[in-house]
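The structure presented is a predicted model; accordingly, all values stated were derived computationally and were not measured.
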Amino acid sequence: MLDRLAPALFVLLWSTGWIVAKYAAAHADPITFLAVRHTLAAIAFLAVCFVMGAKWPKSRGQFGHAILSGVFLHGFYLVGVWYAIGQGVPAGLSGIIAGLQPLLTAMVAPLFIGERLQPAQKLGLVLGFAGILIAISPQLLDVFDRGLAGLAFPVLINLVAMTSVTYGTLYQKRHLQEGDLFSIATLQFVGALIVTVPFALVLEDLRFDWTHQAVLAMAWSVFGISMGAVGLLLYLIRRGQVSRAASLIYLMPPVVAVEAAILFGEPLTLPMIVGTVIVVAGVYLVNRRSAGLSPEQKKRAA
């Protein structure tokens, strides 16, 4: 049951990160918000480990793998994206950069972990990226009209963040296929703090006003996203191809658009609707049950 529900739950929970960011922006510096979020997530996962009797890695190497995966998967990735958007990188352009992750993952996975895709999965990845291009085309046209003067460095940071989460995903698949997911998640958020705290101290004033809006945004970030969505992501990476897990990123812009329309009254455009249909078709091709199976495995599954 969890195998069937996990992808949809992951998309729903992870997509709310953009909504939370919009609520929290007026109440906290972005990297400071992330530092507090990672700290509370590490504490929360640690409490779960004690309650559940989770087993910790038996070697220093496994401890190191868990912490280092968090450096890339949560640390550099989220700091880079939040910093870039805070410096004025348009959400549409950031969405396109995020959409490069599944393509990059599929390109690198054969070299890094020996994962190969079937033709239908490759087609699905291309369709998904095309769907995102169509969905946010009005935003992109607006970006081109206004130009990106002065944003070269933040855009570069956004690109580095995308490569960081790609590497973190592959690193997770290669080195952390065994072990308790609760203890691994705890150590990953320790790794995220190693990155986030120094950047917050150097770049920001550590502003966090602790209003009820900020506290509620933080609570959902910790329990809904850091624990719920991240836990599901780790589960999906362990249970299947990293390219399948990464392809779910394609669904984020359309789902966020729907959530923004409901919560903030933002309009749903025709390109968004058409692009969403194409994105869903692409993700289906990548994740359908027989995708990625050898001919012998398909016969046994029939």
Should the pair Tyr83 and Phe153 be assigned to parallel (<30°), tilted (30 to 60°) or perpendicular (>60°) ring geometry? perpendicular
Show your reasoning for whether side chain to side chain contact (heavy atoms under 4.5 Å, CB included) applies to Trp14 and Val230. CA-CA 8 Å; Trp14 192 261; Val230 170; 3.7 Å; yes
On a heavy-atom basis, which atom in Thr269 and which in Ala135 lie closest, and how many Å separate them? OG1-O, 4.4 Å
How far does OH of Tyr171 sit from OG of Ser164, to the nearest 0.5 angstrom? 12.5 Å
Tyr250 side chain to Val280 backbone, donor-acceptor under 3.5 Å: no
Backbone N/O of Lys55 and side chain of Ser183: donor-acceptor pair under 3.5 Å: yes
Indicate, with yes or no, if Leu100 and Val286 share a hydrophobic cluster defined by side-chain heavy-atom contacts under 4.5 Å among Ile, Leu, Val, Met, Phe, Trp and Tyr. yes
Should Met107 and Leu159 be regarded as members of a common hydrophobic cluster, given that ILVMFWY residues are connected when their side-chain heavy atoms come within less than 4.5 Å of each other, either directly or indirectly? no
Neighbour count above 12 (heavy atom, 6.0 Å) for Phe199 CZ: no
Would you say the ring centers of His27 and Phe33 fall short of 6.0 Å from each other? no
Can a donor-acceptor pair be found, under 3.5 Å and without considering hydrogens, that links the side chain of Arg207 to the backbone of Ala28? yes
Would you say Leu46 and Val190 are hydrophobically clustered, going by side-chain heavy atoms of ILVMFWY under 4.5 Å? no
Contact check, side chains of Ile225 and Leu13, non-hydrogen atoms, under 4.5 Å: no
Side-chain H-bond candidate by donor/acceptor type, Arg37 with Ser226, under 3.5 Å: yes
Closest non-hydrogen atoms of Ala106 and Leu125, given as atom of the first, atom of the second and distance, are CB-CD1, 3.3 Å
Which atom names give the shortest non-hydrogen contact between Thr196 and Gly75, and what distance separates them? OG1-CA, 4.5 Å
Could you check if a side-chain atom of Leu187 sits within less than 4.5 angstrom of a side-chain atom of Trp56, using non-hydrogen atoms only? yes
Distance in Å, Glu178 CD paired with Leu176 CG, rounded so as to fall on 0.5 Å steps: 10.0 Å
Measure the NZ-CG distance between Lys122 and Leu103 for me, rounded to the nearest 0.5 Å. 12.5 Å
Smallest heavy-atom separation, Pro271 atom then Ile134 atom, equals CB-O, 3.2 Å
So among Leu251, Ile249, Val279, Thr276, which one has a side-chain contact (heavy atoms from CB on, under 4.5 Å) with Ile132? Val279
Name the orientation class of the two ring planes belonging to His65 and His175 (parallel below 30°, tilted from 30 to 60°, perpendicular beyond 60°). parallel
Is the side chain of Asp180 donor-acceptor paired with the backbone N or O of Phe182 at a distance under 3.5 Å, no angle test? yes
Answer yes or no: is there a side-chain heavy-atom contact under 4.5 Å between Gln121 and Leu285? no
Evaluate whether atom CD of Gln177 has more than 12 neighbouring non-hydrogen atoms of other residues, nucleotides or ligands under 6.0 angstrom away. yes
For Val283, is there any backbone N or O sitting under 3.5 Å from a side-chain donor or acceptor partner on Ser247? no
Do Leu73 and Leu234 have side-chain heavy atoms sitting under 4.5 Å apart? yes
Report yes or no: do Val155 and Trp82 belong to one cluster of Ile/Leu/Val/Met/Phe/Trp/Tyr joined by side chain heavy-atom distances under 4.5 Å? yes
Verify whether one side chain among Gln188 and Gln172 offers a donor that lies under 3.5 Å from an acceptor in the other. yes
At what distance, to the nearest 0.5 angstrom, does CG of Leu68 lie from CZ of Phe63? 14.5 Å
Do Phe45 and Leu9 land in one hydrophobic cluster if side-chain heavy atoms of ILVMFWY residues count as linked below 4.5 Å? yes
Does Thr211 offer a backbone N or O that forms a donor-acceptor pair with the side chain of Asp209 under 3.5 Å? yes
Given His38 and Val197, is the side chain to side chain contact (heavy atoms under 4.5 Å, CB included) satisfied, shown in steps? CA-CA 10 Å; His38 294 333; Val197 171; over 6 Å; no
Between Glu115 and Ala109, is there a donor-acceptor pair closer than 3.5 Å when you use the side chain of the first and the backbone of the second? no
For the side chain of Ser221 and the backbone of Ala217, is there at least one donor-acceptor N/O pair under 3.5 Å apart? yes
CD1-CE distance between Ile157 and Met162, expressed to the nearest 0.5 angstrom: 13.0 Å
Nearest heavy-atom contact between Glu204 and Ile31 is OE2-N, 2.9 Å
Mark yes when over 12 heavy atoms from residues, nucleotides or ligands other than Phe10 sit less than 6.0 Å from its CZ; otherwise mark no. yes
Report the C-alpha distance between Leu206 and Asp29 in whole Å, list the side-chain angles of each, state the deciding distance to 0.1 Å, and finish with yes or no for side chain to side chain contact (heavy atoms under 4.5 Å, CB included). CA-CA 6 Å; Leu206 306 181; Asp29 291 330; 5.6 Å; no
How are the rings of Phe189 and His74 set to each other: parallel, tilted or perpendicular (split at 30° and 60°)? parallel
For Val160 and Tyr77, run side chain to side chain contact (heavy atoms under 4.5 Å, CB included): C-alpha distance rounded to whole Å, both residues' side-chain angles, the deciding distance at 0.1 Å, then the answer. CA-CA 8 Å; Val160 171; Tyr77 169 57; over 6 Å; no
Backbone N/O of Ser59 and side chain of Gln62: donor-acceptor pair under 3.5 Å: no
Would you say Thr169 and Leu233 make side-chain contact, with heavy atoms under 4.5 Å? no
Quick one: closest heavy-atom pair of Ala35 and Leu193, and the distance? O-CD2, 3.4 Å
